[in-house]
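For the single chain, residues carry numbers from 1 onward in sequence order.
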Amino acid sequence: MMAAVVVPSECVMSEKLVIGNWKMNGSAKLVDEFSASKFPGNVIVAVPFPFLAYAKSIEPTLKLAAQDCSTLDGFGAHTGEVSAAMLKEVGCEAVILGHSERRKSYSTDTPQNILLKLENVTRNGMTAVLCVDEEYEKLLDAETLALVKEHPDSIILAYEPLSAIGTGAAMTPSGISTTLQALRTKCQGIRTLYGGSVTPQNAEGILSLPEVSGVLVGGASLKLEAFRAIAEKAGAV
Ligand code: PGA
């Protein structure tokens with residue numbers, strides 16, 4: 001039997017993208033607040049696994065991302081794993097992969113395993129948001145680069161320098177431009193996000209850079225008004 005053709009999710013267009021990464025934070029109450037709020041522009045919220053299906057059920061128009069997925073796809077006897085197929089089923093548009101907090105804390109988030117996850121996400125018709133940091137030369141090995149080049153429409157690179165994540169010290173706009181240009185040279189046609197201490201105050205300067213296709217927002221994505229302000233800036237640049 002022929003496999004069904006899966007069309008990559010259209011979660012990103014030329015409009016700047018704003019992804020909120022809640023990390024291991026949030027609650028059903030916060031999901032309620034976000035669901036009741038119509039965000040302007042192209043916004044995706046990466047809530048923890050337990051809230052994904054709930055968020056979709058109360059507000060089907062809210063675009064959702066997961067913060068990781070299994071190296072295994074489909075369904076099976078793999079206790080504790082969450083597959084890309086399941087994330088697709090509950091309505092996720094995107095999956096964040098290889099976040100430095102995971103690469104640092106979990107020895108299983110190796111480049112080889114992240115590659116498997118990338119394949120699973122793209123196979124299931126979602127967008128993979130592949131995070132890299134200052135060590136991007138090492139993280140983007142030949143196999144990962146080949147996959148990224150093969151799927152320019154369904155893989156996005158998010159550059160998140162370790163020095164900027166959760167520190168309140170975002171990279172300078174000129175530093176962001178230079179690095180994202182280098183990433184774009186490495187992966188022709190790829191869209192590039194910046195992440196690391198993005199706030200309503202610095203969002204406009206960052207989002208107006210031509211190399212920035214959008215932002216990945218951690219801390220500020222937990223406060224509805226701050227997140228909305230960033231989304232408004234993205235819609236206005
Ligand atoms: P931050 O986190 O915005 O709190 O710096 C960004 C991220 O880790 O994705």
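- Counting only heavy atoms from C-beta outward, the side chains of N21 and V217 never approach each other to under 4.5 Å.
- Using a cut-off of 4.0 Å between Lys/Arg side-chain N and Asp/Glu carboxylate O, D109 and K104 are scored as not salt-bridged.
- Between H78 and S70 the shortest side-chain heavy-atom distance does not fall below 4.5 Å.
- Using modelled atom types, no side-chain atom of Y159 and backbone atom of L183 make a donor-acceptor pair closer than 3.5 Å.
- With N120 contributing its side chain and C69 its backbone, the two residues share no donor-acceptor pair below 3.5 Å.
- Once rounded to the nearest 0.5 Å, the distance linking CG of L87 with CG of L52 reads 6.5 Å.
- The line from CG of L140 to CD1 of I190 is 9.5 Å long, rounded to the nearest 0.5 Å.
- Across V198 and A220, no two heavy atoms sit closer than the pair O-CB, 3.5 Å.
- Between I19 atom CD1 and K63 atom NZ the span is 10.5 Å, to the nearest 0.5 Å.
- When the side-chain contact (heavy atoms from CB on, under 4.5 Å) test is applied to Y54, the partners found at least two apart in sequence or on another chain are A28, V31, D32, S57, I58.
- Residues passing the side-chain contact (heavy atoms from CB on, under 4.5 Å) test with T178: none are found, sequence neighbours excluded.
- Using a distance-only test at 3.5 Å, with no hydrogens or angles considered, no donor-acceptor pair links the side chain of R103 to the main chain of T108.
- Using a distance-only test at 3.5 Å, with no hydrogens or angles considered, no donor-acceptor pair links the side chain of S105 to the main chain of R102.
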With side chain to side chain contact (heavy atoms under 4.5 Å, CB included) as the test, would you mind laying out the steps for C131 and L97 before giving the verdict?
CA-CA 6 Å; C131 300; L97 294 176; over 6 Å; no

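- Among L180, T179, T172, the single residue meeting the side chain to side chain contact (heavy atoms under 4.5 Å, CB included) criterion with I176 is L180.
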Take E160 and V132, measure what side chain to side chain contact (heavy atoms under 4.5 Å, CB included) needs, and give me the verdict at the end.
CA-CA 6 Å; E160 298 206 302; V132 293; over 6 Å; no

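- Looking at residues two or more places apart in sequence or on another chain, you find a side chain to side chain donor-acceptor pair (under 3.5 Å) between Q201 and T199.
- You'll find the side chain of L130 reaches within 4.5 Å of the side chain of V148, heavy atoms only.
- Two residues are said to be in side-chain contact when any heavy atoms from C-beta on lie closer than 4.5 Å; T71 and K117 meet this criterion.
- Between L115 and T144, the shortest heavy-atom distance links the atoms CD1-CA, 3.7 Å.
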Assess the residue pair S213 and T192 against the criterion (side chain to side chain contact (heavy atoms under 4.5 Å, CB included)); give the C-alpha distance rounded to whole Å, side-chain angles, the decisive distance to 0.1 Å, and a yes or no.
CA-CA 5 Å; S213 314; T192 45; 4.1 Å; yes

Show every donor-acceptor pair shorter than 3.5 Å between a side-chain atom in residues 222-232 and any protein atom, with sequence neighbours excluded, or say none if there are none.
| from | atom 1 | to | atom 2 | distance (Å) |
| --- | --- | --- | --- | --- |
| R228 | NH1 | K38 | O | 3.4 |
| R228 | NH2 | S37 | OG | 2.4 |
| R228 | NH2 | K38 | O | 3.3 |

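- A donor-acceptor contact shorter than 3.5 Å links the side chain of N202 to the backbone of S197.
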Before you tell me yes or no, could you show the steps for L30 and W22 under side chain to side chain contact (heavy atoms under 4.5 Å, CB included), namely the whole-Å CA-CA distance, both residues' side-chain angles and the distance that decides it to 0.1 Å?
CA-CA 10 Å; L30 196 63; W22 283 14; 3.6 Å; yes

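- For the atom pair L64 CG and L62 CG, the distance stands at 5.0 Å (nearest 0.5 Å).
- Around CD of E33, the count of heavy atoms belonging to other residues, nucleotides or ligands within 6.0 Å exceeds 12.
- Annotation: side-chain contact (heavy atoms from CB on, under 4.5 Å) contacts of S83 (sequence neighbours excluded): D73, A85, M86.
- Minimum interatomic distance between Q188 and K149 (heavy atoms only, all atoms of both residues): N-CE, 4.5 Å.
- No donor-acceptor distance shorter than 3.5 angstrom exists from the side chain of K23 to the backbone of G219, with no hydrogens or angles considered.
- To the nearest 0.5 angstrom, S154 atom OG is 8.0 Å from R191 atom CZ.
- K16 places a side-chain N or O within donor-acceptor distance of the main-chain N or O of V212, the cut-off being under 3.5 Å.
- Rounding to the nearest 0.5 angstrom, the gap separating the CD atom in E101 from the CG atom in L162 is 9.5 Å.
- Grouped by direct or indirect side-chain proximity (heavy atoms under 4.5 Å, Ile/Leu/Val/Met/Phe/Trp/Tyr only), I165 sits alone.
- Around the CD atom of E81, the shell of radius 6.0 Å holds more than 12 heavy atoms that belong to other residues, nucleotides or ligands.
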